[in-house]
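Position 1 is the first residue of the sequence; numbering continues from there.
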Amino acid sequence: MLCSKYEKCVAWGLMWAVYALLRVTTASAQISAALPSVDAIRHALDQARFEDAAQLANALLADPSVRAQDRNDALEVLAIVQIAQRNSDRAGETLKLLFDRDPEHPPRVLDPGPAVDAAIARARGAVRSQVTVTMHARTRLDAYGRTVLDVDLSEGGDVVDTLHTFVRAERDAAYTEVVNHPLVDETATVLLPAAPFGTSKYKWYVEARAPSGVILARAGDASVPLESALHARSAKAIPTCTPPQRAEPLRKRWWVWTSLGIAVAGVAVGSALVAQ
């Protein structure tokens, strides 16, 4: 054998790791190239390319995985384009959707003009039907015996920009804040701080906030927090890896010298036959 089983496993593992990395990198590059950025949409607006700005904004809004901040910014630009195109009804609908998502959305396009300022003021003061956000949170132990909090946004998750988890151990006086940026349609997992020795439970609450910081949903609150008992961590056997024995040098392997001897003998016999 030219290499040991361990060496073959390492070689194949490295090859598959490189292949997987190339696949992920290529896929990410394709997604990034296909999805327009908010900066590109604003650039088209600054150049008064209203059709291009609207097309880019609609393309971004059509992707369900777009983060809340980018989605809201795209809605703002789209409303400005619709006002510039004298489509006030569509602009009103777009602004209503924007402020339903984030009631305190701050204007991000500077000096858009008096017509836009007036439309935004009207939309901000109108009666809104805020998007409903449904949140479920629960604690568990992970594979390493750490206490983690799983947060599911089963409804309205695309309007949430940050999750703010406030947690304290039973004997702590103050809450520790942990901030996460959840992905759309995915469970957010929050690693809770290690509790002091002798603690029997955590007290915690979670707030889901819009990009402006408005609280859209919460589980528990500071005055009436939720509680989770600390589970005893079971001792698990830690897998050990036995390092492979150092490979024997080729000069010490019998088959190397045997092969060389056969080769030399073959050359000698061949030379003798040619000489005859």
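The CD1 atom of Ile41 lies 8.5 Å from the CG atom of Asp70; values are rounded to the nearest 0.5 Å. Rounded to the nearest 0.5 angstrom, Thr162 OG1 and Arg67 CZ are separated by 9.5 Å. With rounding to the nearest 0.5 Å, the separation of NE2 in His43 from CG in Leu56 is 10.5 Å. In this structure, CD1 on Ile83 lies 9.0 Å from OG1 on Thr94, to the nearest 0.5 angstrom.
In this structure, His181 and Asp161 have side chains that are in contact, with non-hydrogen atoms separated by less than 4.5 Å. Looking at heavy atoms from C-beta onward, Leu149 lies out of side-chain contact with Arg138 at the 4.5 angstrom threshold. Using a 4.5 Å cut-off on side-chain heavy atoms (C-beta onward), Arg209 and Val160 make no contact. Between Leu45 and Val81, some side-chain heavy-atom pair lies under the 4.5 Å cut-off. Using a 4.5 Å heavy-atom threshold, the side chains of Lys203 and Val167 count as separate.
Under 3.5 Å, the side chains of Ser228 and Trp204 contain a donor-acceptor pair of N or O atoms. A donor-acceptor pair shorter than 3.5 Å can be found between the side chains of Lys96 and Ser129. Between the side chains of Glu177 and Thr165, not a single donor N or O lies within less than 3.5 Å of an accepting N or O. A donor-acceptor contact closer than 3.5 angstrom links the side chains of Asp221 and Ser223. Thr134 and Glu155 share a donor-acceptor pair across their side chains, judged by distance under 3.5 Å alone.
In terms of heavy atoms, Ala217 sits closest to Val133 at CB-O, 3.6 Å. Here the shortest heavy-atom pairing between Pro64 and Arg71 reads CA-NH2, 3.7 Å. Summarising the geometry of Ala208 relative to Leu153, their closest heavy-atom pair is CB-CD2, 4.5 Å, with the distance given to 0.1 Å. Of all non-hydrogen atoms in Ala74 and Leu61, the two that sit nearest each other are CB-CD2, 4.0 Å. Of all the heavy atoms in Pro36 and Ala59, the pair that sits closest is CG-CB, 4.1 Å.
Under the side chain to side chain donor-acceptor pair (under 3.5 Å) criterion, the residue pairs touching residues 106-119 are Asp73-Arg108, with sequence neighbours excluded. Applying the side chain to side chain donor-acceptor pair (under 3.5 Å) test to every pair with at least one member in residues 48-61, sequence neighbours left out, gives these pairs: Gln47-Arg49, Arg49-Asp52, Glu51-Gln85.
Taking 4.0 Å as the cut-off between side-chain N and carboxylate O, Asp158 and Arg101 count as a salt-bridged pair. Under a 4.0 Å N-O distance rule, the pair Asp39/Arg42 qualifies as a salt bridge.
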Which atom pairs, one a donor and one an acceptor, fall under 3.5 Å between side chains of residues 184-194 and the rest of the protein, sequence neighbours left out?
from: Thr187; atom 1: OG1; to: Asp152; atom 2: OD1; distance (Å): 2.4
from: Thr189; atom 1: OG1; to: Asp150; atom 2: OD1; distance (Å): 3.1

Side-chain donor-acceptor pairs of residues 120-127 under 3.5 Å, sequence neighbours excluded:
from: Arg124; atom 1: NH1; to: His105; atom 2: O; distance (Å): 3.3
from: Arg124; atom 1: NH2; to: His105; atom 2: O; distance (Å): 2.9

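The aromatic rings of Tyr175 and Tyr205 stand perpendicular to each other, their planes meeting at an angle above 60°, with 30° marking the opposite boundary.
Judged by distance alone, with hydrogens and angles left aside, the side-chain atoms of Asp102 form a donor-acceptor pair with the main-chain N or O of Ser212 at under 3.5 Å. Under a 3.5 Å cut-off, the side chain of Glu76 and the backbone N or O of Val109 do form a donor-acceptor pair. Looking only at distances, no side-chain donor or acceptor of Asn180 sits under 3.5 Å from a matching main-chain atom of Pro182.
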Might you work through the side-chain contact (heavy atoms from CB on, under 4.5 Å) test for Val148 and Thr139, ending with a clear yes or no?
-> CA-CA 6 Å; Val148 297; Thr139 57; over 6 Å; no

Could you please spell out the steps behind the side-chain contact (heavy atoms from CB on, under 4.5 Å) verdict for Leu141 and Arg146?
-> CA-CA 5 Å; Leu141 290 181; Arg146 303 172 301 184; over 6 Å; no

Decide side-chain contact (heavy atoms from CB on, under 4.5 Å) for Glu207 and Ile215; before the verdict, give the C-alpha distance in whole Å, the side-chain angles of both, and the deciding distance to 0.1 Å.
-> CA-CA 6 Å; Glu207 295 176 347; Ile215 298 174; 3.6 Å; yes

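The hydrophobic cluster containing Val131 also contains Leu163, counting ILVMFWY residues as joined when their side-chain heavy atoms lie under 4.5 angstrom apart, directly or transitively. The hydrophobic clustering, which links ILVMFWY residues whose side-chain heavy atoms are closer than 4.5 Å, places Leu216 and Phe166 apart.
By the ring pair (Phe, Tyr, Trp, His ring centres under 6.0 Å) test, Phe99 pairs with no residue at all, sequence neighbours left out. Not a single ring pair (Phe, Tyr, Trp, His ring centres under 6.0 Å) links Phe50 to another residue, sequence neighbours left out.
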